[in-house]
Amino acid sequence: MTEEYDYIIEFKNITKKFPGVIANNDVSLSIRQGEIFALLGENGAGKSTLMSILFGMYEPDQGEIWLRGEKVKINSPNQATELSIGMVHQHFKLVENFTITENIVLGIEPQKSVLGLPIVDIKGTDQKIKDLSHKYGLDVNPTDLIEDINVSTRQRVEILKMLYREAEILIFDEPTAMLTPQEIEFLLEIIKNLQADGKTIILISHKLDEIKQVADRCAVLRHGELIDILDVKTTSTQTMANLMVGKQISLSLDKEKNDPGKTVLEVDNLVIENELGIEIVHDVSFVIRTGEIFSLAGVSGNGQMEIADAIAGLIPVKSGKIKFEQTEITDFSVRDRTELGISYIPEDRQRFGLILEMPLSTNLALKSYYKEPFSRNHILQDRVFLDYSDQLINKFDIRSGQGSATIVRSMSGGNQQKAIIAREIDLDSKLLIFVQPTRGLDIGAIQAVRERMIAERDKGKAILLVSLELDEIMSCSDRIGVIYNGKLQRVSDADLISREEIGEAMMGVANNEQ
Amino acid sequence: MNNNLKNKNFLLRLLGDPKYQFISIPIFAIICSLIVSAIIILIVGQNPLTAYKGLMQGAGILAKDKYASFQGQPTDFMETLDKMTPMLFAALAVAIALRAGLFNIGVSGQMLIAGFVATITIGYSRQMSPFLAKPLVALIGMIIGALAGGLIGFFKIKFNINEVVSSIMLNYIYQYVFSYFINTKYIDPVTRQSRNIGANARLTLMQMEIGSYKMRIPIFFLVAIIVAIILYFFMNRTSQGLEISSIGFNSDAAQYAGIDVNRRLLHVMLISGALAGLAGVTYYLGYQPSILPKSLSSIGFDSIAVSLLGNNNPIGIIFSSFLITVIDRGATYMRSAAGVEQEIAALMSGIILLFSAMGVYMRQKFAALLGKNRMRG
């Protein structure tokens with residue numbers, strides 16, 4: 001293949017401003033055909049904005065985009081698709097009750113003529129999708145419904161969507177944020193296959209290991225500015241991390257031995273059914289004491305999220321008891337539990353944790369708005385909301401365009417998460433439930449959340465941590481329970497169990513059968 | 001050129017900035033519809049300005065050239081307010097439900113059941129003192145309306161029946177069941193409507209002599225305005241109002257925050273129904289004295305669009321219900337004064353409501369043009 005151009009994509013002096021924030025400031029980048037190019041930066045550094053500009057979702061305030069040696073103006077994602085650019089978003093855009101094939105062809109449905117009428121030809125396309133899927137090792141069954149397949153498969157469907165549209169430039173926005181370690185390995189393999197086939201890949205990430213593993217070059221963005229472009233092979237992850245946050249950061253966590261006290265939460269023989277009446281949690285029992293972090297480790301979808309929801313009162317239990325400081329709370333309402341002293345940082349922060357259309361100040365008071373001093377005789381006290389919000393913004397370093405008045409939807413994912421954590425910690429509850437607290441956050445933010453969690457433990461709080469990341473479990477926990485298929489396989493002190501043993505239990509190898 | 005760009009930016013700032021959109025977008029929608037309506041009037045060969053003037057004269061905003069005895073601009077204006085009262089109550093009923101994410105399309109049915117029950121219980125008891133009858137009519141209207149609204153809420157939270165489906169079905173049931181009773185028991189053989197209620201129970205005082213005029217006095221007009229203000233305060237300044245908005249935006253997050261979502265939804269439908277009931281009694285026992293069988297009042301449906309035009313904001317709805325009523329009421333005079341068929345007025349309301357329904361789209365579009373769309377990164 002010969003090209004008359006040096007670079008397939010060139011960003012020339014791109015500037016994009018949002019109210020109160022400069023998302024991209026005079027960014028110039030050039031990407032070669034067939035390379036894996038990583039964009040590294042903290043939350044809010046402007047990575048996604050830059051890619052959204054390339055994908056036609058935003059118009060830059062200044063600057064030009066050149067594609068294959070020609071200046072282009074990309075006004076919509078459809079136009080980007082025509083220019084063979086494809087993007088896998090962080091939040092998938094799939095129709096739940098359609099099959100994989102139907103989702104892939106949506107918008108460009110292949111037609112055949114039956115009795116002179118145009119009919120969508122799904123059957124014929126299934127085979128085509130299957131072949132495409134084999135070619136890149138994507139391994140999906142085209143006739144499966146989206147609602148029946150897991151996150152990793154859904155992501156592969158998104159990749160197939162791009163390939164089906166013959167995309168040559170593939171953008172991945174934080175593709176590994178929601179995947180298990182095995183799934184991540186699998187995805188990185190797929191990305192390498194795509195590169196081998198001549199595709200150009202842009203990887204937005206803040207996971208240094210992954211970038212190190214697959215990327216050729218890497219651009220570091222900080223506060224909307226391009227800091228440096230690095231050759232990944234010759235640069236250490238520590239250097240990348242320092243460039244990303246702009247200061248020396250430590251990648252290790254200081255944690256002293258804990259000193260657990262009396263039991264705060266007691267879960268006895270908990271059984272939970274899903275909406276279809278299928279038992280997804282079987283007979284789970286554990287306790288959490290003051291001053292300890294108890295983690296539930298496991299692969300996604302093994303019942304751990306449901307246990308957290310049930311303790312918080314969001315879903316009913318079929319049988320079993322939940323006790324909080326000797327009081328049985330199994331039938332308590334969500335609010336009663338909150339008032340007793342349970343804080344909950346949910347997995348899906350946009351669906352449960354926040355009301356995106358409302359301002360930050362309201363969201364920060366979402367669990368206390370009805371109490372004095374926020375409400376007096378049911379009348380909301382705006383001043384109190386604002387003062388409280390300003391206080392939390394300072395204390396937890398929540399960054400947003402317009403402070404307390406910012407509509408939460410416009411904030412970056414990391415700052416949304418900070419807002420939830422600020423609210424829940426400030427309730428001063430005796431039990432804190434953290435579910436996937438660092439999902440989608442950058443290194444600096446992850447470190448801050450974990451340190452905060454350990455600080456709360458040291459203050460004598462009882463903490464339940466549910467995480468899919470083994471690193472997080474290993475570095476934060478005092479005790480670890482491993483869950484597989486709705487059953488608690490093992491419970492052990494953190495320093496008495498190895499990473500490998502957890503991994504085995506996660507895959508269903510029972511301890512006593514070894 | 002530069003200046004031109006600056007002007008454009010000024011207009012765009014007004015329309016695109018979320019801070020001003022609550023007022024700029026409805027006004028923009030109204031201006032657009034006036035222009036489109038003017039074009040239609042031009043096409044039928046009439047002068048739009050004369051037509052608009054006729055509308056205003058008919059509604060009592062401008063003075064007509066001549067009046068019959070005891071009639072005058074104030075007479076017309078009071079009649080406009082009389083018709084606006086049920087529209088305002090109905091639109092408030094829609095607005096509070098929409099705030100919680102519920103689409104109460106059954107306002108017409110709730111108006112009818114409230115109006116019917118109040119008519120047969122109090123409306124025909126001619127010897128009752130007006131000081132007792134009138135408050136009782138309002139009270140019965142509210143209670144019956146609340147029960148009818150609450151029923152929809154109950155279906156929703158107990159059996160998960162979509163409120164749109166249940167309210168449409170209930171609309172039919174009310175319409176035909178009450179027609180049956182009106183036709184068999186309460187019919188006036190001449191008018192083919194239910195017999196007129198007594199003046200003692202009517203919520204509009206008729207033929208009141210004030211100065212040299214004989215006019216209507218809608219007793220509940222001021223009540224409606226006060227209710228709108230209270231509702232504004234309730235929706236925006238109280239903890240219950242915040243809970244209702246939270247449910248409307250994201251009921252999962254509301255539940256997570258500890259809000260009893262089902263209980264609140266039931267409350268909202270009770271309030272919405274009570275407001276629809278007040279619309280019912282101020283219409284069937286106020287603006288008119290009787291019920292036409294086998295029909296639902298169009299107010300219940302127009303109120304959905306009036307609420308949208310008013311941004312679902314009770315204060316905005318005071319203005320939007322006034323505007324729509326003025327167009328409706330001025331239509332007859334517009335025909336005689338400007339020779340424009342009165343159906344054109346209905347067309348104008350339709351166009352305004354169509355543009356106002358596009359308000360959400362326009363908000364986002366203008367905001368996007370201004371670059372105030374959401375930030376990622």
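All chains are named by letter (A, B, ...) in the order of the sequence lines, taking the proteins before the strands, and each is independently numbered beginning at 1.
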Where on A/F374 is there a heavy atom nearer than 4.5 Å to chain B: the side chain, the backbone, both, or neither? neither
Looking only at A/L366, A/L221, A/L314, A/D348, the option with the highest number of non-hydrogen pairs under 4.5 Å against chain B is A/L314
Which bit of B/F234 is near chain A, if near means a heavy-atom gap under 4.5 Å: side chain, backbone, both or neither? neither
Would you say B/N250's side chain and A/F352's backbone share a donor-acceptor pair under 3.5 angstrom? no
Between atom CZ of A/R376 and atom OG of B/S239, what is the distance when rounded to the nearest 0.5 Å? 13.0 Å
Reported OG-to-CD1 distance for the pair B/S245 and A/I355, which is rounded to 0.5 angstrom: 8.5 Å
At a 4.5 Å cut-off on heavy atoms, which part of A/S375 comes close to chain B: side chain, backbone, both, or neither? side chain
Can you say whether B/N236 sits under 4.5 Å from chain A via the side chain, the backbone, both, or neither, judging by heavy atoms? backbone
When every non-hydrogen atom of A/I420 is compared with those of B/Y256, the smallest separation belongs to CG2-OH, 4.4 Å
Return yes when atom NZ of A/K371 has more than 12 non-hydrogen atoms of other residues, nucleotides or ligands closer than 6.0 Å, and no otherwise. yes
What part of A/S368 gets within 4.5 angstrom of chain B, counting heavy atoms only: side chain, backbone, both, or neither? neither
How about B/F301: does its CZ atom have over 12 heavy atoms from other parts shown lying under 6.0 Å from it? yes
Can you confirm whether A/F11 is buried at CZ, in the sense that more than 12 heavy atoms of other residues, nucleotides or ligands lie under 6.0 Å from that atom? yes
Nearest 0.5 Å, please: how far is CZ in A/R335 from CD in B/Q255? 12.0 Å
List the steps and the verdict of side-chain contact (heavy atoms from CB on, under 4.5 Å) for B/L242 and A/Y370. CA-CA 9 Å; B/L242 179 66; A/Y370 61 95; over 6 Å; no
Answer yes or no: does atom CD of A/Q79 have more than 12 heavy-atom neighbours from other residues, nucleotides or ligands under 6.0 Å? yes
Tell me, side chain or backbone of A/L354 under 4.5 Å from chain B's heavy atoms, or both, or neither? backbone
Which atoms of A/D382 are under 4.5 Å from chain B, going by heavy atoms: the side chain, the backbone, both sets, or neither? both
Identify which part of A/R423 has an atom lying under 4.5 Å from any heavy atom of chain B, answering side chain, backbone, both or neither. side chain
